[in-house]
Amino acid sequence: MTALPVAAVADKREAGEKQQGGVPLADAGWAGAEPRGTPDTSMLMFFDNVHGLLRVLIISLLAYAWLVFVLRLSGKRSLAKLNAFDLVVTVALGSTLATVLLTKDVAFAEGALAFCMLALLQWIVAQASIRSSWFSDLVRSRPRLLVEDGDFRDSAMRDERVTRAEVEASIRKSGIGRIEDVGAVVLESDGSMSVLERSDGAYTVLRSVAR
């Protein structure tokens, strides 16, 4: 075997040191061992560093307290699910809280502003719905009558994509055991079903329900 010149061996050793981040290959090991000073990756599955844990602890207390304050200030409507926009705001509040707690790139002030904006938007939509029936119909779907006087309204159920089994389940939950005893089943705007027991009088609460 032809021996390499001393200068070539020195150049190869210098190139190897650069590839290993400045750690000599003799120290790192020629068998592919990691360089000295590499952090223990077995602990990364639990936490990155103590600073990250302290951040989550402090931000959790601040963000939770601020969210409760915003909800108390905005009123009970903030957690209501009377229409699709209310549901979106409720989900967005929870998503924003999780993002503020776990995302290091989002500061607490940004999350606090997001809470305020969501509550403000919901207040604006609620006020506009009260003052304008057109806007109310835009953001809120009308309740739909699915069962009337013990008879299933199949066309309404097809339009709302509801099966008889689902309607019967809601009737059972209401404590009624016979479909003949059901006066009305209404699919509400939030997707829940209201069951009314059969009555001899007229149902005055069904005036706003679509048939």
Side-chain angles (χ1 to χ4, degrees), residues 60 63-64 66-103 111 114-211:
S60 297
Y64 181 79
W66 182 257
L67 179 58
V68 171
F69 171 76
V70 171
L71 293 177
R72 290 287 295 170
L73 188 65
S74 58
K76 300 180 180 65
R77 180 63 185 262
S78 299
L79 295 179
K81 299 177 183 179
L82 301 180
N83 55 51
F85 188 81
D86 291 333
L87 179 61
V88 169
V89 170
T90 302
V91 174
L93 286 173
S95 178
T96 303
L97 178 62
T99 302
V100 173
L101 297 186
L102 300 178
T103 304
F115 292 147
C116 294
M117 288 302 301
L118 288 172
L120 178 61
L121 288 174
Q122 189 180 43
W123 183 85
I124 293 174
V125 170
Q127 292 296 321
S129 300
I130 295 174
R131 289 173 170 77
S132 172
S133 58
W134 173 85
F135 189 82
S136 178
D137 294 336
L138 181 64
V139 299
R140 177 182 181 181
S141 59
R142 292 185 62 188
R144 190 73 181 271
L145 187 63
L146 302 181
V147 177
E148 185 175 17
D149 293 331
D151 295 327
F152 288 96
R153 299 175 59 87
D154 294 327
S155 60
M157 293 170 59
R158 283 195 299 269
D159 293 341
E160 301 296 339
R161 300 187 302 277
V162 177
T163 64
R164 287 200 177 196
E166 292 169 336
V167 176
E168 290 173 350
S170 66
I171 295 174
R172 290 194 299 269
K173 290 179 181 179
S174 67
I176 300 177
R178 295 182 352 123
I179 188 64
E180 294 80 10
D181 297 332
V182 176
V185 176
V186 179
L187 180 64
E188 304 292 352
S189 300
D190 60 354
S192 62
M193 294 186 191
S194 300
V195 180
L196 302 179
E197 194 173 358
R198 184 186 289 270
S199 175
D200 296 333
Y203 297 102
T204 57
V205 295
L206 299 180
R207 296 171 182 173
S208 60
V209 176
R211 284 175 164 78

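Without hydrogens or angle criteria, Ser95 side chain to Val91 main chain gives no donor-acceptor distance under 3.5 Å. One N or O on the side chain of Ser74 and one on the backbone of Val70 form a donor-acceptor pair closer than 3.5 Å.
Thr163 places none of its side-chain heavy atoms less than 4.5 Å from the side chain of Met157. Counting heavy atoms from C-beta on, the side chains of Val125 and Phe135 come closer than 4.5 Å.
Put simply, CZ on Arg198 and CG on Leu196 are 12.0 Å apart, with the number rounded to the nearest 0.5 Å. The CZ atom of Arg140 sits 13.0 Å away from atom OG of Ser133, with the distance rounded to the nearest 0.5 Å.
With sequence neighbours left out, the side chain to side chain contact (heavy atoms under 4.5 Å, CB included) criterion links Phe69 to Trp66, Leu73. In terms of the side chain to side chain donor-acceptor pair (under 3.5 Å) criterion, residue partners of Asp190 (sequence neighbours excluded) are, by chain and number, Ser192. When the salt bridge (charged side-chain N to carboxylate O under 4.0 Å, His left out) test is applied to Glu160, the partners found at least two apart in sequence or on another chain are Arg144.
For the side chain to side chain contact (heavy atoms under 4.5 Å, CB included) criterion with Leu146, the lone passing option out of Asp154, Val186, Val209, Leu187 is Leu187.
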Donor-acceptor contacts, no H, no angles, side chain residues 115-122, under 3.5 Å, sequence neighbours left out:
residue, atom, partner, partner atom, Å
Gln122, NE2, Arg77, O, 3.2
Gln122, NE2, Asp86, OD1, 2.9

Let me check something: any side-chain donor-acceptor pairs from residues 172-180 under 3.5 Å, sequence neighbours excluded? List them with distances.
residue, atom, partner, partner atom, Å
Ser174, OG, Ile171, O, 2.5
Arg178, NE, Asp181, OD2, 3.3

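Among residue pairs with one or both ends in residues 199-211, none qualify as side-chain hydrogen bond (donor to acceptor under 3.5 Å, both in side chains); sequence neighbours excluded.
Environment of CD in Glu166: crowded, with over 12 heavy atoms of neighbouring residues, nucleotides or ligands closer than 6.0 Å.
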